Amino acid sequence: MRIVVGVGGGIAAYKACSLVRKFTETGHDVRVIPTESALQFVGKATFEALSGNRVDTGVFADVPEVPHVRIGQAADLVVIAPATADLMARSAMGRADDLLTATLLTARCPVLFAPAMHTEMWEHPATVANVATLRSHGAIVMEPASGRLTGADTGPGRLPEPEEIFALASLLLERADAVPRDLEGRRLVVSAGGTREPLDPVRFLGNRSSGKQGYAMARVAAQRGAQVTLIAGNTVGLEPPAAVEVVQVTTAEQMGIAVDKHAVGADAVIMAAAVADFRPTNVAAAKIKKGAAEPDSIKLTKNRDILAGLVQARKDGRLPDLAIVGFAAETGDEQGDVLTYARAKLERKGCDLLVVNAVGEGKAFEVDNNDGWLLGADGTEQALDHGSKALLASRVLDALGPLLR
Ligand SMILES: Cc1cc2nc3c(=O)[nH]c(=O)nc-3n(C[C@H](O)[C@H](O)[C@H](O)COP(=O)(O)O)c2cc1C
């Protein structure tokens with residue numbers, strides 16, 4: 001695919017280098033268009049070497065090729081990282097005073113802005129209005145991350161990490177309409193990752209969940225405008241998604257407490273975490289030693305079912321307006337296939353939607369791609385085509401939208 005990476009004149013311009021690299025490494029043809037100010041931060045040669053294509057900032061270079069029109073027309077995706085306050089203002093006004101803004105006017109493909117600026121600039125009414133204008137033109141303006149800004153300041157306005165911009169950009173290449181602003185004003189709770197049930201101070205019973213699907217769900221929901229709380233168990237060192245509140249837990253018990261707490265006032269809970277069904281009944285205070293008193297078995301106690309608890313709370317009128325999404329990682333056996341077990345699970349659990357993944361060799365766990373089925377309490381069944389975990393998340397959020405009260 002042909003990707004234009006536009007770079008504004010912000011301190012985070014150096015992170016655009018990693019982004020360009022990710023796109024070229026995944027086989028895309030990348031054209032970098034920095035602004036003149038961007039070249040104050042990163043040299044033209046760096047972008048030319050990383051992309052393998054020439055780099056210009058103005059419309060008067062290479063005139064016979066009419067690049068200010070051609071590049072935009074031919075692009076499959078335009079990603080602006082970092083998008084400065086000034087660059088977004090110019091683009092929102094429809095200015096075409098350099099090659100990048102001219103390209104933004106001629107592009108008819110998805111356009112993704114990844115803003116980066118100080119919190120004051122991000123929250124200024126002028127920037128807020130420019131972001132709204134860009135969104136009304138169909139552009140996707142990412143929510144920035146919160147954290148350390150230039151100097152000692154912290155707050156919202158930090159450039160989302162290149163991995164995150166890459167994930168969202170890849171999603172837009174899979175599905176151009178995957179990130180509408182349809183969840184503004186909604187509060188979502190998403191659980192992710194596997195729980196760890198301690199046996200002694202150094203050992204635990206765990207599972208193979210990486211957290212990638214739940215993180216993708218939280219990320220896409222936040223970029224669709226929702227206020228998201230992510231209850232995260234053990235994950236494979238994933239970066240917290242931008243504009244998402246992350247609550248870290250370890251055990252199933254802790255996850256249950258955190259989900260119950262944050263479900264109050266939420267519009268939906270999406271339980272993507274792999275919560276342990278059982279925990280060791282006895283947790284040794286000291287490390288279990290090899291030798292005379294070697295244990296030959298582990299006694300297990302059943303954990304409470306968090307999803308069933310939410311459904312019960314809704315029935316009791318404690319969480320009357322909550323929409324509930326469950327996940328089922330299933331394998332088939334002689335008694336039935338994956339879908340048979342999943343239908344029974346949906347019936348038993350009483351949630352609104354059930355995302356079903358077939359697990360086994362190289363499927364669902366740890367990998368970056370996923371597929372499955374989406375079962376609705378109303379009897380609907382939708383195949384979720386193979387694609388990124390962000391793509392699966394976007395399909396689930398499409399189905400969840402109409403269920404929100
Ligand atoms: C050290 C330094 C860091 C800057 N960082 C940012 C930034 O992160 N975001 C931003 O909007 N402007 C930032 N600016 C201001 C922009 O460089 C300035 O507004 C410029 O006109 C933006 O040009 P552009 O439209 O080419 O991006 C910074 C300026 C300096 C000197």
Side-chain angles (χ1 to χ4, degrees), residues 3-20 30-48 50-51 54-61 67-68 71-72 75 78-107 111-135 137 139-165 168-169 239 242-243:
I3 299 177
V4 172
V5 176
V7 186
I11 187 74
Y14 72 95
K15 292 191 178 172
C17 300
S18 312
L19 187 62
V20 171
V30 181
R31 183 85 192 237
V32 181
I33 311 181
T35 63
E36 268 303 314
S37 315
L39 295 185
Q40 295 281 336
F41 297 91
V42 178
K44 183 171 158 170
T46 304
F47 290 132
E48 287 188 330
L50 285 174
S51 67
R54 66 176 287 161
V55 168
D56 298 302
T57 58
V59 292
F60 297 106
H68 74 287
I71 297 173
V78 180
V79 183
I80 313 291
T84 58
D86 182 65
L87 180 53
M88 289 199 292
R90 291 191 290 128
S91 181
M93 285 202 69
R95 305 248 340 224
D97 50 1
D98 60 11
L99 184 57
L100 181 53
T101 45
T103 299
L104 282 165
L105 282 183
T106 53
V111 175
L112 177 66
F113 286 86
M117 64 198 71
H118 266 79
T119 306
E120 290 84 350
M121 294 174 89
W122 174 247
E123 290 176 349
H124 192 282
T127 306
V128 171
N130 289 330
V131 168
T133 301
L134 291 170
R135 284 178 178 156
H137 295 166
I140 293 126
V141 182
M142 287 182 79
E143 294 297 334
S146 283
R148 186 89 193 266
L149 304 166
T150 323
D153 299 351
T154 59
R158 201 178 138 88
L159 185 75
E161 289 304 317
E163 295 74 28
E164 179 141 29
I165 302 170
L168 215 62
E239 283 287 335

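Remember, it's 1-based here, ligands and their atoms both numbered in the order they're listed. Worth saying up front: this structure is predicted, and the values here are computed from it rather than measured.
- For the side chain to side chain contact (heavy atoms under 4.5 Å, CB included) test, residues two or more places apart in sequence or in another chain that qualify with Thr119 are Glu123, Leu149, Pro156.
- By the side chain to side chain contact (heavy atoms under 4.5 Å, CB included) test, His137 pairs with Thr133, sequence neighbours left out.
- Counting only distance, with no hydrogens or angles, the side chain of Arg54 and the backbone of Arg31 share no donor-acceptor pair below 3.5 Å.
- The CG atom of Leu100 sits 4.5 Å away from the CD1 atom of Ile80 when rounded to the nearest 0.5 Å.
- In this structure, Met121 CE and Thr84 OG1 are separated by 7.5 Å, a value rounded to the nearest 0.5 Å.
- Applying the side chain to side chain contact (heavy atoms under 4.5 Å, CB included) test to Ala242 and every residue at least two apart in sequence or in another chain returns Ala145, Pro160, Glu164, Gln223.
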Report all N/O contacts between ligand 1 and the protein shorter than 3.5 Å as a table of atom names and distances to 0.1 Å; if there are none, say 'none'.
from, atom 1, to, atom 2, distance (Å)
ligand 1, 5 (N), Ile11, N, 3.4
ligand 1, 8 (O), Ala116, O, 3.4
ligand 1, 9 (N), Ala116, O, 2.8
ligand 1, 11 (O), Ala85, N, 2.8
ligand 1, 17 (O), Gly9, O, 2.6
ligand 1, 23 (O), Ser37, OG, 3.1
ligand 1, 25 (O), Asp86, OD2, 2.6
ligand 1, 25 (O), Leu87, N, 3.4
ligand 1, 25 (O), Arg90, NH2, 2.9
ligand 1, 26 (O), Thr35, OG1, 2.6
ligand 1, 26 (O), Ser37, OG, 3.3
ligand 1, 27 (O), Gly9, N, 2.8
ligand 1, 27 (O), Thr84, OG1, 2.6

